[in-house]
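One structure is given here, and the rest of the page talks about it.
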Amino acid sequence: MTAPLLHPSLTPLSAHGRFWALVPCAGVGSRAVPAGAGSAPQAPTGQASTVAAFSAAGALSANAPAAAALLPKQYHLVAGHPMVLHTLAAFAGVGRLLGTLVAVAPGDHFLDAHAHPAFFVVECGGPTRADTVRGGLKALLERGAQPDDWVLVHDAARCLVTSEQIDALIDQCAGDSVGGLLAHKLADTLKTSIDGPGGVRVASTVDRSDKWLAQTPQMFRIGPLMDAIDKVGSNVTDEASAMEAMGFHPRLVPGGAQNFKVTYPDDFALAAAVLAQRAHSTTLERFGGERGQVSTAPGKKSLF
């Protein structure tokens, strides 16, 4: 029998309901390694309350350095820690969240080396993002979450999100009838293209005044989101798209340029530079400089 997620002392923390989170990362991040590269970034050697569901696909053990080239990108080292731990640290700083679920692919035991009461791992990852989100939502319901509870879905590879951004999303969407997502208003001039003499050419310039880059977390109630994914299908690329297909209009909440998804090789260096500029103020505060050192700061959840 599955153990319940909720501790008896946990009660709704808001008049708007309870808040959970789910972070899908079902892909292995093939774009993160240059084509033909001989190796991937170095594999970590073994080293809330939120409900964040982190899908970390890839059947790899933390004690398999020989498989470094196959290591899913969310486990690659960024500023000295596996990328997903920076993400976990941000969610750990959000006091209204009731727990963190890490949704991994079957056979993925990487996070066993980082076991901690602040999160739990469920092998419910699927072949697509939507499949992994669906599996994570079902796991939350099996452990005590309710269909009317809010869930925040976040990409594990958006490791620069901050606790303040997550709190801002909750503040602006908790009273909304639909929910919403962090997004960044497009700043660059946007072009469409055509194939032309000598290569790809500009076809036209697109009005950018109403264009936004979708980010995560994306926050919706569990029941409506499950219904939307079930009806729209497994190929939907994010949760807002599923809700849009059902006729809803999610709220756009300004995020920030630094909340980008680590996707390409150069992104790792940029993410590390941002974390260095922040002096690792989030991750080191909650994980400590060495494994096993945890924060005792009031109001902060400590992970390692």
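- Heavy atoms from other residues, nucleotides or ligands lying under 6.0 Å from CG of Asp171 number more than 12.
- Residue Arg278 holds its CZ atom at 5.0 Å from CD of Gln258, rounded to the nearest 0.5 Å.
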Review point. Given the rule in the salt bridge (charged side-chain N to carboxylate O under 4.0 Å, His left out) test, do Arg18 and Asp148 qualify, once you have shown the distances and angles that lead to the verdict?
Key: CA-CA 8 Å; Arg18 301 186 304 186; Asp148 286 341; over 6 Å; no
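- Annotation: the span from Ile222 atom CD1 to Leu22 atom CG amounts to 8.5 Å, rounded to 0.5 Å.
- The main-chain N or O of Lys261 is found under 3.5 Å from a side-chain atom of Thr263 such that the two form a donor-acceptor pair.
- Tracing side-chain contacts under 4.5 Å through hydrophobic residues (I, L, V, M, F, W, Y), one never reaches Val274 starting from Leu213; they form parts of separate clusters.
- Heavy atoms of other residues, nucleotides or ligands lying less than 6.0 angstrom from CG of Asn235 number 12 at most.
- Looking only at distances, a side-chain donor or acceptor of Asn259 sits under 3.5 Å from a matching main-chain atom of Thr216.
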Practice item. Starting from the C-alpha separation in whole Å, work towards a yes-or-no answer on side chain to side chain contact (heavy atoms under 4.5 Å, CB included) for Leu152 and Gln218. Key: CA-CA 5 Å; Leu152 282 75; Gln218 301 190 0; over 6 Å; no
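- The distance from the CG atom of Asp267 to the NZ atom of Lys73 is 8.0 Å, given to the nearest 0.5 Å.
- Across every non-hydrogen atom of Val161 and Ala90, the tightest pair is O-CB, 3.2 Å.
- Put simply, the side chain of Ser241 never gets that close to the backbone of Val236: no donor and acceptor are under 3.5 Å apart.
- Proximity of Leu141 to Pro147: side-chain heavy atoms (C-beta onward) are separated by under 4.5 Å at one or more points.
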Point to revise | Verdict with supporting geometry, Asp167 and Arg96, salt bridge (charged side-chain N to carboxylate O under 4.0 Å, His left out) | key: CA-CA 8 Å; Asp167 270 320; Arg96 287 176 286 184; 2.8 Å; yes
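- At least one donor-acceptor pair closer than 3.5 Å links the side chain of Thr128 to the backbone N or O of Ser234.
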**Study point:** Derivation and outcome, salt bridge (charged side-chain N to carboxylate O under 4.0 Å, His left out), residues Asp238 and Arg129
**Key:** CA-CA 8 Å; Asp238 71 350; Arg129 174 197 175 96; over 6 Å; no
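- At distances below 3.5 Å, not a single donor-acceptor pair connects side-chain atoms of Arg251 with backbone N or O atoms of Cys173.
- The main-chain N or O of Ser209 is found under 3.5 Å from a side-chain atom of Asp207 such that the two form a donor-acceptor pair.
- Relative orientation of the Phe19 and Trp150 rings is parallel, given thresholds of 30° and 60° on the angle between their planes.
- Side-chain contact of Arg221 with Gln146: a donor-acceptor pair under 3.5 Å is absent, judged by distance alone.
- Contact of the Val104 side chain with the Val122 side chain is not registered, since no non-hydrogen atoms from C-beta on lie closer than 4.5 Å.
- Taking CG from Leu101 and SG from Cys124, the interatomic distance works out to 5.5 Å, rounded to the nearest 0.5 Å.
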Practice item. Any chance you could lay out the side chain to side chain contact (heavy atoms under 4.5 Å, CB included) test for Met83 and Phe268, step after step, and finish with the verdict? Key: CA-CA 9 Å; Met83 186 194 305; Phe268 286 92; 3.5 Å; yes
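- Residues Leu275 and Ala79 approach most closely at CD1-CB, 3.9 Å, considering heavy atoms.
- Residues Asp131 and Val133 have side chains not in contact (no heavy-atom distance under 4.5 Å, counting atoms from C-beta outward).
- Side-chain atoms of Leu252 and Leu181, non-hydrogen and from C-beta on, do get closer than 4.5 Å to each other.
- Rounding to the nearest 0.5 Å gives a distance of 4.0 Å between CE of Met246 and NZ of Lys231.
- Atoms CG and CG, on Leu137 and Asp149 in that order, are 11.5 Å from each other to the nearest 0.5 Å.
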